[in-house]
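Taking it in order: structure first as structure tokens, then the write-up.
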Amino acid sequence: MKTSHAAAPSRRTLGLDPSVSFSLLTALAFFVISAGVSWYNVQTLRENNQRVVHSHEVIVGLSDLLSFIQDAETGQRGFLLTNSDRYLEPYNTAINTIPRRLEALAGLISDNASQQQRLVALKSHVDGKLSELRETIELRRTQDAEAALAVVNSDRGKVEMDA
């Protein structure tokens, strides 16, 4: 005699007890929620990493700018001591590079209003320092070392560099 397995469906349609089915659904929901939270955390980490990279680029840009200003100052000092134009090479290179560095910094911080305000102040100090360097070089050429050193000794350039 053959028995038919096609009996009327019972509460166990998959052959699982209802408490086991509930446990499996709960575990599945846990994993889905965990995956969503993990995805969100990865996105947050990526965004934070981009911010760190961007901040590093700004710091490197500022460091490069400072280095070029120091190079200009080094060239100026060499010229003031020797009255030889060959010592102005770092000065001339820096004078040509500094505006591009300031533009690059402006591009990096274009999305940050408070940093843009700081850049305006920075540009003012850079212009003041470069003006002092130019003035002393011109005084050394047209007058003498004493006139140029009087400007250096006024500490105007030091105040701008410190700022």
Side-chain angles (χ1 to χ4, degrees), residues 24-163:
L24 287 174
L25 286 175
T26 302
L28 180 63
F30 171 78
F31 287 118
V32 169
I33 291 170
S34 292
V37 169
S38 295
W39 180 84
Y40 175 78
N41 288 338
V42 167
Q43 296 306 315
T44 301
L45 285 172
R46 284 182 182 167
E47 290 170 9
N48 289 340
N49 184 54
Q50 284 302 104
R51 288 184 186 125
V52 168
V53 168
H54 179 74
S55 294
H56 181 72
E57 289 172 347
V58 172
I59 291 168
V60 168
L62 288 168
S63 179
D64 287 348
L65 177 65
L66 176 61
S67 179
F68 279 107
I69 294 169
Q70 290 171 333
D71 289 349
E73 192 174 48
T74 299
Q76 172 240 22
R77 287 180 180 165
F79 178 76
L80 294 182
L81 290 170
T82 64
N83 200 27
S84 173
D85 282 348
R86 69 188 172 112
Y87 285 93
L88 287 176
E89 184 179 324
Y91 169 84
N92 290 327
T93 300
I95 292 301
N96 292 325
T97 306
I98 289 170
R100 290 193 306 269
R101 296 294 177 174
L102 286 169
E103 287 175 26
L105 277 170
L108 285 173
I109 63 167
S110 63
D111 62 340
N112 189 318
S114 66
Q115 286 185 352
Q116 289 174 359
Q117 291 173 347
R118 290 184 191 129
L119 184 62
V120 169
L122 177 64
K123 283 181 180 180
S124 173
H125 294 297
V126 168
D127 290 344
K129 179 60 181 175
L130 296 180
S131 173
E132 182 260 347
L133 294 175
R134 239 182 337 269
E135 181 181 348
T136 57
I137 291 169
E138 188 60 29
L139 285 170
R140 180 69 167 113
R141 283 187 173 142
T142 60
Q143 295 180 26
D144 58 14
E146 294 301 318
L149 290 176
V151 173
V152 172
N153 286 328
S154 74
D155 286 340
R156 189 176 92 207
K158 181 182 180 334
V159 168
E160 296 294 355
M161 282 297 282
D162 289 347

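Position 1 is the first residue of the sequence, and the numbers go up from there.
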Distance, nearest 0.5 Å, that separates CD1 of Ile98 from NZ of Lys123: 13.0 Å
Do Arg118 and Leu122 have side chains that approach each other closer than 4.5 Å (heavy atoms only, starting at C-beta)? no
Check side-chain hydrogen bond (donor to acceptor under 3.5 Å, both in side chains) between Asn153 and all other residues, then give those that pass, not counting sequence neighbours. none
May I have all residue pairs that pass salt bridge (charged side-chain N to carboxylate O under 4.0 Å, His left out) and include part of residues 128-140, sequence neighbours excluded? Glu73-Lys129, Lys129-Glu132, Glu135-Arg156
Is it true that a side-chain atom of Gln116 and a backbone atom of Ser110 form a donor plus acceptor pair closer than 3.5 Å? yes
My understanding is that only one of Arg141, Arg77, Gln76 makes a side-chain hydrogen bond (donor to acceptor under 3.5 Å, both in side chains) with Thr136; could you say which? Gln76
So does Asp127 get a backbone contact from the side chain of Ser131, meaning a donor-acceptor N/O pair under 3.5 Å? no
Sequence neighbours left out, what passes salt bridge (charged side-chain N to carboxylate O under 4.0 Å, His left out) with Lys158? Give chain and number order. Asp162
Quick one: pull up OG1 in Thr44 and CD in Glu47 and give me the separation to the nearest 0.5 Å. 5.5 Å
Treating Ser34 as the side-chain partner and Phe31 as the backbone partner, does any N or O pair qualify as donor plus acceptor under 3.5 Å? no
Which value, rounded to the nearest 0.5 Å, describes the distance between Tyr91 atom OH and Leu133 atom CG? 6.0 Å
With Ser84, which residues qualify under side-chain contact (heavy atoms from CB on, under 4.5 Å), at least two apart? Thr82, Arg86, Tyr87
Are Leu102 and Val126 side-chain neighbours, meaning at least one heavy-atom pair lies under 4.5 Å? yes
Compile the donor-acceptor pairs under 3.5 Å between side chains in residues 50-67 and protein atoms, sequence neighbours left out, one pair per line.
from	atom 1	to	atom 2	distance (Å)
Arg51	NH1	Asn48	OD1	2.9
His54	NE2	Leu108	O	2.9
Ser55	OG	Arg51	O	3.0

For Leu80 and Ala148 the tightest heavy-atom approach is CD2-CB, 3.6 Å
Kindly give the heavy-atom pair with the smallest separation between Gly75 and Pro90, and that separation in Å. CA-CG, 4.0 Å
Rounded to the nearest 0.5 Å, what separates atom CG in Leu88 from atom OG1 in Thr74? 11.5 Å
Other residues, nucleotides and ligands only: do more than 12 of their heavy atoms fall within 6.0 Å of CD on Gln143? yes
Could you state the interatomic distance from CZ (Phe79) to CD1 (Ile137), rounded to the nearest 0.5 Å? 6.5 Å
Looking at residues at least two apart in the chain, or sitting in another chain, which of them share a side-chain hydrogen bond (donor to acceptor under 3.5 Å, both in side chains) with Asn41? none
What pair of heavy atoms forms the shortest contact from Ser114 to Asn112, and how long is it? OG-OD1, 2.8 Å
